[in-house]
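Just so we're on the same page: letters track the sequence lines, and every chain starts at 1.
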There are 2 protein chains.
Amino acid sequence: MADIARRAENRYGNRPTMKDVAARAGVGLKTVSRVVNAEPGVTADTERRVQEAIDALGFRRNDSARVLRKGRTASVGLVLEDLADPFYGPLSRAVEEVARAHGALLINGSSAEDPGREQELALALCARRVDGLVVIPAGDDHRYLEPEIRAGVATVFVDRPAGRIEADTVLSDSYGGARAGVAHLIAHGHRRIGFIGDQPRIHTAVERLRGYRSAMADAGIPVEDAWMSLGTTVPERVRVAAEAMLSGPGAVTAVFAGNNRVTVTVVRVLAERSRPVALVGFDDLELADLLVPGLTVIAQDAAQLGRTAAERLFRQLDGGSRTPERIELPTRLITRGSGEIPPAD
Amino acid sequence: MADIARRAENRYGNRPTMKDVAARAGVGLKTVSRVVNAEPGVTADTERRVQEAIDALGFRRNDSARVLRKGRTASVGLVLEDLADPFYGPLSRAVEEVARAHGALLINGSSAEDPGREQELALALCARRVDGLVVIPAGDDHRYLEPEIRAGVATVFVDRPAGRIEADTVLSDSYGGARAGVAHLIAHGHRRIGFIGDQPRIHTAVERLRGYRSAMADAGIPVEDAWMSLGTTVPERVRVAAEAMLSGPGAVTAVFAGNNRVTVTVVRVLAERSRPVALVGFDDLELADLLVPGLTVIAQDAAQLGRTAAERLFRQLDGGSRTPERIELPTRLITRGSGEIPPAD
DNA sequence: CTGAAAGCGCTTACAG
DNA sequence: CTGAAAGCGCTTACAG
């Protein structure tokens, strides 16, 4: 009695198993398995009897048990920074679509830009034996994944490269994009151009800053330290940074914003000021074309990033290419007004 | 030989198991289990030997197998419409955070507003034996979940109610929100007000239309059929609907947009016109305050919706309240300019 | 403190 | 066409 009660509360309710179905249909376990999996070699009559028992009992195969024997779990993990960030939604959706096409489910989790949490999440997914892992790294040391990869977990890094291990990586051309964006500002007459980016431990932030420096160097413009600011993307920090470089006699006449979070805050800061300042942002925003002036951006394709990574992942699982590759997707300059404002003086 | 090869390619690579660890450490299986699960009753020396074997072999416990015995999978499923929609990102993230606090992982999938796909996804999650399911329904008949719920799968519906079954539900006050938004337009002198919403089979679309009608009735304004348009939220459809009600002698002087997708397109349409038209949108948008004029909206808290639903889910799992409840969260009018534009004539 | 046996719900490999 | 036995990698319930 106690045993039955415990069973009912601890286990999956008290779901019928193949054994229950077999008993009710008066057949062997294997026959039920055949029917459930639509395998050949069952007479129509037997099949009907089994199907009736399945319906009567409300049987649903426990895929969790199936997985234990089969090997593959038909699930992939996605570790990203924040599911609520509009950049990662489309990326995640794209990974999901590819997974779905391969019959796999997607488990995703947010690292909140915390390397410890990234590792914890990634390893928890490995313990669940996901077939593969798509990682947008928060940390810069991924040696903790080496045993997992060796054990057969397919792995692809997206948006930022893996740290200290060799792995498939899919990136946007941050360097080239930022370079093109800053060159665009220079072409419109600016020489005093500010750069506000994410924290320096984040690869894309560093690459975009490198693009900025390169464009400035190409134009022969010496860069002042006061024009560059890397740090968290919380509005307060970005606001302070923007206001600092927009003030005083050596104020910048244009700003390059390093990502979508930064851009949003910079747009707010500029909206409060009377003197027009040019702005180009990395990443497109939903209503960018409806702002006044329209927002000029370097757009990257988040969905394409996710799709490419997921396809790469399943190629690994299908036994394809085992040599890590680095894929870089192009960015695109979209001019809408804010980046074409001439210098104030 | 062939057997070893097959094993290596089909199974999880060839990961060491507790048995391997036990053999290497020269102890029994149960002792390894004790160490791995930090159970008491192991001498320091034995523990060290086991730990060494674990490290040397790169052992990681297979949670997939553990789950089979334990009963609970420590995972919950989230079925939503589209992970790429900015409304669902924060909702999903909130569910994830609550799940994480309860030690559970989140598997999510997009129904793409297709009832068949919603069902397929939800049942696939049940087959994986998720402990609970948070569903943003696409369909209006959820009787297919009855056997699962009876078998112990915790279930909560969010954003839209369940169809034809009793279940916990967490909604925003669509009716009240729309009513308040339309009343706001009326208070600013409008009488010819248009409503553009999502498809009529979607609960929130119908509720918001009901709120519109109610506010109009309260003000004694007879509503004309030409002022109301329900349908898909693809830009082309919304554009045609908006242009139709904004044209001709009986053109509306204000529009209430039924959700974020609709609002975005209506803003675009209005931006192209010379005569100012008032607009209130259901759902807030990221840059709403920076548009000119600022966008007046009825805001709902997507994260709070997700959080409330997830907490409700875990309360069910903890054996709490088994009588389905319906929770309705309030909305909030945020005035920014577009809703305060007076009628043109 | 330690471990052998049974079992979770399936599939695999084999035999009839 | 059908099914009994073994096993996937763990945990549970016991016994020493």
Exercise for the section: Quickly work out the M18(A) CE to dT12(C) C1' distance and round it to whole Å. Expected result: 13 Å
Problem - Electrostatic pair R326(B)-E166(B), nearest N-O below 4.0 angstrom - result: no
Practice task
May I ask you to check whether R307(A) and Q304(A) show a side-chain donor-acceptor distance below 3.5 Å?
Solution key: yes
Exercise for the section: May I ask you to decide whether R66(A) forms a salt bridge with D63(A), counting only side-chain N to carboxylate O separations under 4.0 Å? Expected result: no
Problem - Paired nucleotide for dA15(C) [Watson-Crick or G-U wobble; both distances under 3.5 Å] - result: dT2(D)
Practice task
Please work out if R61(A) contacts a base, only the sugar-phosphate, or nothing of the nucleic acid, heavy-atom cut-off 4.0 Å.
Solution key: sugar-phosphate
Practice task
Locate the shortest heavy-atom distance separating V67(A) from S64(B); write the atom from each residue and the value.
Solution key: CG1-OG, 3.3 Å
Exercise for the section: Could you check how far CD of E39(A) sits from C1' of dC10(C), rounded to whole Å? Expected result: 12 Å
Exercise for the section: Verify the contact: side-chain N or O of S33(A) to OP1 or OP2 of dT11(C), cut-off strictly under 4.0 Å; return yes or no. Expected result: yes
Practice task
May I ask you to decide whether E39(B) forms a salt bridge with K30(B), counting only side-chain N to carboxylate O separations under 4.0 Å?
Solution key: yes
Exercise for the section: Classify the nucleic acid contact of D63(A) as base, sugar-phosphate or nothing, counting any heavy atom under 4.0 Å across all strands shown. Expected result: nothing
Completion exercise
R48(A) atom CZ is separated from dT2(D) atom P, nearest whole Å, by 12 Å
Exercise for the section: Take atom CG of L68(B) and atom P of dC10(D), then tell me their distance rounded to the nearest Å. Expected result: 12 Å
Problem - Salt-bridge present (R117(A), E81(A); N to O < 4.0 Å) - result: no
Exercise for the section: Please report, rounded to the nearest Å, how far the C1' atom of dC10(C) is from the CG atom of D20(A). Expected result: 13 Å
Exercise for the section: Under 4.0 Å between any heavy atoms, over every strand shown, what does V36(A) touch: base, sugar-phosphate, or nothing? Just pick one. Expected result: nothing
Handout entry: Distance in angstrom units between K70(B) NZ and dA13(D) C1', rounded
Key = 13 Å
Practice task
Round to the nearest Å and state the distance from R49(B) atom CZ to dT2(C) atom C1'.
Solution key: 11 Å
Handout entry: base_contact_polar (dG3(D) base, R34(A) side chain, donor-acceptor, <3.5 Å)
Key = yes
Distances under 3.5 Å between nitrogen or oxygen atoms of protein and nucleotides 4-6 of chain C:
none

Practice task
Hey, can you tell me if H102(B) and F314(B) have their rings parallel, tilted or perpendicular (30° and 60° cut-offs)?
Solution key: parallel
Fill in the blank from the handout: Whole-Å distance, R129(B) CZ to dG9(C) P, equals 9 Å
